[in-house]
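Structure record follows, encoded as structure tokens.
Hydrogens, waters and symmetry mates are skipped; everything else that's a heavy atom, side chains included, is used.
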Amino acid sequence: MSKSFRRFDALEAVRKAEETLIARNGSDKHEMNIAEIFGENCLSIDTLKERLPTSVWKTLKKTIRDNAPLDPNVADAVAVVMKEWATEKGASHYTHWFQPLTGATAEKHDSFVTPNQGGGAITQFSGHDLLRGEPDASSFPSGGLRPTFEARGYTAWDPTSPAFIIENGNGSTLCIPTVFASWKGESLDFKTPLLRSIEALNIQALRALKLFGKDDVTWVNSTGGYEQEYFLIDQEYFYRRPDIMTSGRTLFGAKPPKGQELDDHYFGSIPDRILSFMLEVEKELYRVGVPVKTRHNEVAPGQFEFAPVFEKANVAADHQQLTMITLRRMARKYGLVCLLHEKPFAGLNGSGKHANWSLTSSRDKNLLEPGESPHENMQFLFFFTATLKAIYEHQGLLRASVASAGNDHRLGANEAPPAIISAYIGEQLEDIVRQIKNGGATSSKKGGLLGLGIPVLPNIPKHAGDRNRTSPLAFTGNKFEFRAVGSEQTVSFPTTILNTAVAGAIDDMSTRLEALLAKENDFEKALGLLLKETYDEIDKILFSGDGYSEEWQKEAEARGLLNLKTTMDALPELTNEKSVRLFEKYNVLTEKELDSRLEIYLEQYFIKLNIEAETTEDVVRTMIIPAGIRYLNEILALNDRGKTTGLDVSTSKTLAEDVNTVLGQLLVSVEKLGKVNSELGGDTIPEKAEHLSRVVLPEMNKVRELADRLEKLVADDFWPLPSYREMLFVK
Ligand code: ADP
Ligand code: MG
């Protein structure tokens, strides 16, 4: 077959799939009673309370609600309730569900079934089974923490995140959120440091609240609301794109004539098939207790977003993972593939995951909510300033927490926040910061005089301030929004960094406040001094201009802010002295654990790029060059016929020359890519990662440029890969 019928039969298949879906949607009635289904597959606090003996419930509640250490004696009773509840729901198996350092989630299923002596079987699940599991840890990355001779790791129940049931047509499984550690207790996952960071924050924030006279607060936690962007393409196209199949993104593809320039997609009406898919995703998520709230089209064609209602960070992070899993699973049911990669299509907007972050306590709903009274506002200013201080002091860590091969395509391009970490707080709060620096604020820009008898501290306008879409960290009224997180990344790590850095800032500010209070009896005055002193040190982090502009790059440099453009620039921040000190001080990660993480991230970076380069080479050699040659052959045949018929076909000669030239360059370029990619650049992981980043990636980009040029020359019916136009606009 000389032409790419494979591509055109995809169009046919897409059309058929749509017909089937329309028929299916017409036949079953889709009704959703949210109140009835919400949380039906989630072992909620209410269900536990209802089914557990009162004394056990009381003990467990202290752990779930107040972050108290788990009393192992409750495990047996909880196990009984869990098994009963799960088997009632049709579950035959259970799994410890955890977040290994791959960034995805992992599970190993065990059956409830235990044979009895009479040759039959009973179902069994003990406190021991609940508390501890032993997956085959050797297949998960450990970055040298777990030598092969002691390959075992264990998972341990996290009672603060509810268990849930995942259904499949053929059976159901009880999933128990767990942490994953080595036998020596070193963390091998993302959840352990997240939980430790929540505890660090809790301790420091409680201490600070005491200074504000709040002795009765029992806990402080961070909250997370994670918006998820994603692309959908028809699976027929997916199967015909080896690049998307192996790397999650297009390694080739000329930009379509109609891209996102028209801006008609954002908030536009959602196509029918997509809407059916979204409704089913929502239904599934509701059933496991994930409170998804908003759905809409995103900026690029084929791009969409889901956002949930925020929850306590640990639960929200688990729910974020469930959201990604559900998006991927459900897409297949609708003949679609969900692409979570940060940059599936060059030249179009990439996908991010805005991580909304705030603090909540047993008493205050939101510690970053500007209050009604001056007293509340002092407290608001304290925590708000502590967060800014954390961002300033640990910009490098925050940048490192979102570093990945995929996110490198986004950060620094003019669509996502720049690689420079800065904070946007809005005009009115900036004004207040200025006044504090000048020795006490007395007015707010819009709200007129603040007076209220307070000499030093202002009344804070509620929900003031514009949005600045170019800022990597924006204060949006009552929360910070960390916009640099990549769409495919785990939110656990960026949240861990924020929690830990803020714990450090609160600690430091509390110590200073205590010292000031020892000299100065007036609390407001002391706090005013502290805030002034703090802003004098950190206000370089505030930026309200255009983060995409050239001037900002220069100004940020003049301010001494970090500009870590790529993953390779950013990752070393994880293990520098300042970071190690922070993590060790608050018992979030040891130096050894940090070293292991650095190694794992570098390895993942290396592997990802290595696969991309291999796929590029493969597709060029086996699909793209052959297509060019066939087309060239066809032009040359015309040329020959011109000679025998006497027809003037000289234009075909020019065309043949063009195609031939690009083909020649492409062949040279792909040879070079293959060579540098197989060289690896050294024996150690950092050497390999460096080589991939510095040498291989630029060669890959050159190959792509030539291949995309060829795509524009070769006849459409010869081109083997579904085009951007097809993938993005056929829905
Ligand atoms: P936008 O669409 O402009 O980003 P939204 O008001 O829709 O802003 O909120 C975005 C996300 O922020 C939602 O997922 C929401 O749950 C989350 N969010 C709101 N308040 C908080 C909070 N206190 N802590 C964490 N996340 C929050
Ligand atoms: Mg947002």
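Salt bridge annotation for Glu726-Arg240: absent, with no cationic side-chain nitrogen under 4.0 angstrom from a carboxylate oxygen. A salt bridge does not link Lys702 with Glu705: none of the charged nitrogens is closer than 4.0 Å to a carboxylate oxygen. In this structure, Asp648 does not pair ionically with Lys653, as no charged nitrogen and carboxylate oxygen lie closer than 4.0 Å. Checked for salt-bridge contact, Asp708 and Lys712 miss the test: no charged N lies under 4.0 Å from a carboxylate O.
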| request: Just do the ring pair (Phe, Tyr, Trp, His ring centres under 6.0 Å) check on Phe606 and Tyr601 with the steps written out, would you? | output: CA-CA 9 Å; Phe606 155 74; Tyr601 294 157; over 10 Å; no
| task | Please lay out, stage by stage, how Thr567 and Asp408 fare under the test side chain to side chain donor-acceptor pair (under 3.5 Å). | result | CA-CA 7 Å; Thr567 297; Asp408 275 359; 2.9 Å; yes
| field | Gln303 vs Ser351, side chain to side chain donor-acceptor pair (under 3.5 Å): CA-CA, chis, key distance, verdict | value | CA-CA 8 Å; Gln303 193 186 27; Ser351 301; 3.1 Å; yes
| Gln99/Lys191 under side chain to side chain donor-acceptor pair (under 3.5 Å): CA gap, chis, key distance, verdict | CA-CA 6 Å; Gln99 301 176 27; Lys191 177 174 273 225; over 6 Å; no
| What's the verdict on salt bridge (charged side-chain N to carboxylate O under 4.0 Å, His left out) for Glu167 and Lys283, showing C-alpha distance, side-chain angles and the deciding distance? | CA-CA 13 Å; Glu167 288 176 340; Lys283 189 159 145 191; over 6 Å; no
| request: Please lay out, stage by stage, how Glu679 and Lys675 fare under the test salt bridge (charged side-chain N to carboxylate O under 4.0 Å, His left out). | output: CA-CA 6 Å; Glu679 276 167 9; Lys675 185 169 167 289; 3.1 Å; yes
| request: Step by step, work out the side-chain contact (heavy atoms from CB on, under 4.5 Å) result for Glu229 and Lys353. | output: CA-CA 6 Å; Glu229 292 178 337; Lys353 184 140 54 194; over 6 Å; no
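Asn633 and Arg630 form no side-chain donor-acceptor contact under 3.5 Å, judged by distance and modelled atom types alone. Under 3.5 Å, the side chains of Glu305 and Gln228 contain no donor-acceptor pair of N or O atoms. Ser723 and Glu711 share no donor-acceptor pair across their side chains, judged by distance under 3.5 Å alone. Side-chain N/O atoms of Tyr334 and Glu280 include a donor and acceptor closer than 3.5 Å. Thr495 and Tyr226 share a side-chain donor-acceptor pair at under 3.5 Å. Using modelled atom types, one finds no donor on one side chain facing an acceptor on the other under 3.5 Å when comparing Ser487 with Tyr230. A donor-acceptor pair shorter than 3.5 Å can be found between the side chains of Arg597 and Ser187. Between the side chains of Asn563 and Gln553, at least one donor-acceptor pair of N or O atoms lies under 3.5 Å. No side-chain donor from either of Ser247 and Thr615 sits under 3.5 Å from a side-chain acceptor of the other. Looking only at atom types and distance, the side chain of Asp569 has a donor-acceptor partner in the side chain of Thr566 under 3.5 Å away. When only modelled atom types and interatomic distance are considered, His319 and Gln321 share no side-chain donor-acceptor pair under 3.5 Å.
In this structure the side chain of Pro100 never reaches within 4.5 angstrom of the side chain of Asp189, judged on heavy atoms. Using a 4.5 Å heavy-atom threshold, the side chains of Asp716 and Arg725 count as touching. Looking at heavy atoms from C-beta onward, Ile244 lies in side-chain contact with Thr250 at the 4.5 angstrom threshold. Using a 4.5 Å cut-off on side-chain heavy atoms (C-beta onward), Thr95 and Asp110 make no contact. Under the 4.5 Å side-chain criterion, counting only non-hydrogen atoms from C-beta, Ile420 is not in contact with Leu564. Side chains of Phe493 and Leu574 form a contact here, defined as non-hydrogen atoms less than 4.5 Å apart. By the 4.5 Å heavy-atom criterion applied to side chains, Glu342 and Gln489 are counted as neighbours. Side-chain atoms of Lys672 and Val703, non-hydrogen and from C-beta on, never get closer than 4.5 Å to each other.
The environment of Glu687 atom CD is dense: over 12 non-hydrogen atoms of other residues, nucleotides or ligands sit within 6.0 angstrom. Residue Asp683 places its CG atom among 12 or fewer non-hydrogen atoms of other residues, nucleotides or ligands, all under 6.0 Å distant.
Separating the CZ atom in Phe306 from the CD atom in Glu227 is a distance of 13.0 Å, to the nearest 0.5 Å. Between the CG atom of Leu327 and the CD atom of Glu284 there is a distance of 11.5 Å, given to the nearest 0.5 Å.
For the pair Arg621 (side chain) and Pro626 (backbone), a donor-acceptor distance under 3.5 Å is absent.
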